[in-house]
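When a residue number appears, it is its place in the shown sequence, counting from 1.
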Amino acid sequence: MKIGALAEIFEGENRVAMTPESALQLQKLGHACCIQAGAGAKAGFTDDAYKAAGVEVLKTVKAVVEAAEVLVKVRGPEEKEAKALREGQTLISFFWPAQNEALLKTVADKGATVIAMDMVPRISRAQKMDALSSMANIAGYRAVIEAGNNFGRFFTGQVTAAGKVPPAKVLVVGAGVAGLAAIGTSTSLGAITLAFDVRPEVAEQIESMGAEFVYLDFSERAQDGAATGGYAAPSSPEFREAQLKKFRELAPEVDIVITTALIPGRPAPKLWTEDMVKLMKRGSVIIDLAAERGGNCDLTVPDEKIVTDNGVTIVGYTDFPSRMATQASTLYSNNIRHMLTDLTPKKDGVIDHNMEDDVIRGATVAHGGKVTFPPPPPKVQAIATQKPKERARELTVEERRANEVAAFKAQTRTQVGLLAIGGGLLLLAGLYAPASFMSHFIVFVLAVYVGFQVIWNVSHSLHTPLMAITNAISSIIILGALLQIGSGNILVIILAAASILMAGINIFGGFMVTRRMLAMFQKS
């Protein structure tokens with residue numbers, strides 16, 4: 001089939017849904033590709049680059065729509081674009097079906113199939129097609145760069161001949177994909193980074209990236225992310241009050257605030273109120289990544305940058321991915337290419353729209369002349385629900401004492417049993433072996449037993465398990481040699497002395513090496 005990419009007509013949109021590299025991959029699936037002339041220019045991809053990749057460059061929108069069986073876009077279609085679709089044609093783009101019911105009905109009435117990239121279910125198998133995460137990752141990174149552009153100091157602290165520069169303090173509200181990208185960028189630039197999220201399972205992720213998780217003094221257990229497909233869920237009024245109280249405490253301390261909190265299908269929650277803005281220091285910056293849905297900050301103006309009376313800059317741009325159009329187009333076109341890979345299972349250029357597939361069904365919002373939104377829940381959960389770990393019960397003094405006595409008795413029985421068996425075997429050997437052999441054999445057995453008991457009881461915090469075994473063998477040699485060193489034979493005395501020397505070097509050298517190894521893992 002022929003895959004056609006259209007130029008974006010939305011004001012300020014610089015991305016493109018097909019790159020020369022993704023076109024080459026689509027051709028390996030058996031498809032042919034075409035693109036509207038100039039569609040990739042704003043993202044840095046020339047028409048010549050497309051031609052070199054085997055893509056047919058057509059002059060007009062009409063030519064692409066007529067030539068292609070599958071159309072790919074970034075933004076959802078405008079009314080005139082939706083009406084231009086024909087029966088059996090497939091459109092792959094962002095669509096936001098919950099907010100565009102009329103447009104969805106128009107497309108369904110035309111008999112076209114629509115795959116909404118914003119409806120790809122968040123399950124492991126679909127991560128390669130998750131365009132929302134791809135774009136959120138870019139938005140989070142760009143938000144920190146934008147904050148640095150509007151902030152009057154360094155991110156990292158410095159001590160110079162001209163004076164000391166304190167590190168910037170950054171607060172990231174919401175630790176989804178965009179939030180984690182912002183945290184990673186902020187910490188890598190040297191800022192002190194704090195982060196907050198209503199989902200308890202992200203605390204470890206935040207701390208592993210070098211940021212500090214902001215905990216609330218609140219007893220209510222937040223809802224697990226599995227119940228909402230990995231997204232945050234609406235909070236109770238009590239939780240919200242505790243949250244706002246904590247943010248008011250942090251407002252005078254932080255220099256940069258990056259808000260990323262969004263709940264699917266709802267307006268952005270107001271988390272940074274006007275009074276918090278007034279508490280912030282002059283020169284502080286707020287980057288509101290939720291501006292397109294009304295913003296997390298009370299004072300955010302979508303698509304604008306404003307400066308408040310107390311000198312706080314609030315950035316409400318809604319096109320962060322478009323501001324990095326080359327990178328965003330590369331990632332988005334890869335998401336679409338992976339979607340088409342699943343739609344072309346035999347790699348023969350024939351699309352098989354399998355509505356039994358969780359990913360394809362979840363993303364399909366119109367098919368066969370019908371509206372197929374909302375989809376049924378996927379058979380596989382986004383995240384396995386984390387069961388709370390049960391705390392080990394604290395033992396009483398009597399129970400601990402009883403456990404110790406029981407362990408001692410069991411150990412004593414084992415040792416007495418081993419000694420009895422060993423003594424019996426020695427007596428049995430003594431009935432048949434000569435006396436000269438038995439005297440040496442008894443020395444050997446005693447050396448093995450005593451040497452093993454002496455070394456094996458040393459804690460492994462002082463030497464490794466492997467070193468414990470080698471030391472046990474060395475101690476057996478030393479004890480055997482000590483018992484033989486009083487022999488009248490000069491050769492036996494020399495061999496025994498050499499054995500003691502070499503085994504002693506092995507034991508003491510082993511402890512020294514272990515000590516050096518442990519020192520490697522200690523902070524000086």
Do Ile314 and Cys297 come within less than 4.5 Å of each other through their side chains, counting heavy atoms only? yes
Ring-plane angle category for Phe247 and Phe196, please: parallel below 30°, perpendicular beyond 60°, tilted otherwise. perpendicular
Applying the side-chain contact (heavy atoms from CB on, under 4.5 Å) criterion to Lys245, which one of Glu241, Glu249, Gln243 satisfies it? Glu249
Tell me whether Gln89 contacts the main-chain N or O of Val65 through its side chain, where contact means a donor paired with an acceptor under 3.5 Å. yes
Non-hydrogen atoms of Leu216 and Ala242 that approach each other most closely: CD2-O, 3.9 Å
Please evaluate residues Leu189 and Val170 with respect to the criterion side-chain contact (heavy atoms from CB on, under 4.5 Å), reporting the C-alpha separation (whole Å), side-chain torsions for both, the decisive distance (0.1 Å), and the verdict. CA-CA 11 Å; Leu189 288 173; Val170 179; over 6 Å; no
Short side-chain to backbone donor-acceptor contact, Lys270 and Gly295, under 3.5 Å: yes
Within the 3.5 Å criterion, strictly below it, is a donor on Thr313 or Asn150 matched to an acceptor on the partner's side chain? no
For the side chain of Lys281 and the backbone of Val254, is there at least one donor-acceptor N/O pair under 3.5 Å apart? no
Report yes or no: do Thr273 and Asp275 form a side-chain donor-acceptor pair below 3.5 Å? yes
Heavy atoms from other residues, nucleotides or ligands near CD of Glu207 exceed 12 (cutoff 6.0 Å): yes
Sole residue of Val61, Leu85, Ile3 in side-chain contact (heavy atoms from CB on, under 4.5 Å) with Leu71: Leu85
What are the two closest heavy atoms between Ser322 and Gly12, and how far apart are they? OG-O, 3.2 Å
Counting N and O atoms only, with roles assigned by atom type, does the side chain of Lys110 sit under 3.5 Å from a partner on the main chain of Ala84, one being a donor and the other an acceptor? no
Check for a donor-acceptor pair, side chain of Asp288 on one end and backbone N or O of Asn296 on the other, with a separation under 3.5 Å. yes
With sequence neighbours excluded, residues passing ring-ring contact (aromatic ring centres under 6.0 Å, His included) with Phe94: Tyr332
Please find the pair of heavy atoms, one from Glu78 and one from Glu81, that lie closest to each other, and give the distance. N-OE1, 2.8 Å
Taking only residues two or more places apart in sequence, or in another chain, which ones meet Phe10 in a ring-ring contact (aromatic ring centres under 6.0 Å, His included)? none
Using side-chain heavy atoms (C-beta onward) and a distance below 4.5 Å, is Leu343 in contact with Ile360? yes
Is Ser329 reaching over with its side chain to a backbone N or O of Thr326, donor-acceptor style, under 3.5 angstrom? no
Look up atom OG1 in Thr396 and atom CZ in Arg401, then write down how far apart they are to the nearest 0.5 Å. 13.0 Å
Can you tell whether the side chains of Lys105 and Asp109 come within less than 4.0 Å, N to carboxylate O? yes
Got a second to check how far Ile206's CD1 is from Glu212's CD, nearest 0.5 Å? 10.5 Å
Would you say Asp130's side chain and Ser133's backbone share a donor-acceptor pair under 3.5 angstrom? yes
Can you name the closest pair of heavy atoms from Pro166 and Arg153 and give their distance? O-NH2, 3.7 Å
Has the side chain of Ser93 got a donor or acceptor atom that lies under 3.5 Å from a matching backbone atom of Val74? no
Restricting to non-hydrogen atoms, name the atom on His31 and the atom on Thr344 that form the minimum distance, rounded to 0.1 Å. NE2-OG1, 2.9 Å
Glu8 pairs by side chain to side chain donor-acceptor pair (under 3.5 Å) with which of Lys73, Arg15, Gln36, Arg75? Lys73
Taking Ala211's backbone N and O only, do any of them form a donor-acceptor pair with Thr193's side chain (distance below 3.5 Å, no angle check)? no
Minimum heavy-atom distance Gly362-Pro375, with the two atoms named: O-CG, 3.6 Å
Heavy-atom donor-acceptor pair, Lys128 side chain to Asn334 backbone, under 3.5 Å: no
Just checking Phe213: does its CZ atom have more than 12 heavy atoms from other residues, nucleotides or ligands closer to it than 6.0 angstrom? yes
Taken to the nearest 0.5 Å, the spacing of Tyr317 OH from Glu292 CD works out to 15.5 Å
Does some side-chain heavy atom of Ile336 sit less than 4.5 Å from a side-chain heavy atom of Met18? no
Can Trp272 and Leu171 be said to form a side-chain contact (heavy atoms from CB on, under 4.5 Å), step by step? CA-CA 11 Å; Trp272 206 260; Leu171 172 64; 3.7 Å; yes
Could you check Asn310 against Thr308 for side chain to side chain donor-acceptor pair (under 3.5 Å), going step by step and ending with a plain yes or no? CA-CA 5 Å; Asn310 62 324; Thr308 64; 2.5 Å; yes
Do His353 and Thr113 meet the criterion of a side-chain donor-acceptor pair at a distance under 3.5 Å? no
Taking the side chain as C-beta and beyond, is there a heavy-atom pair between Tyr50 and Val16 under 4.5 Å? yes
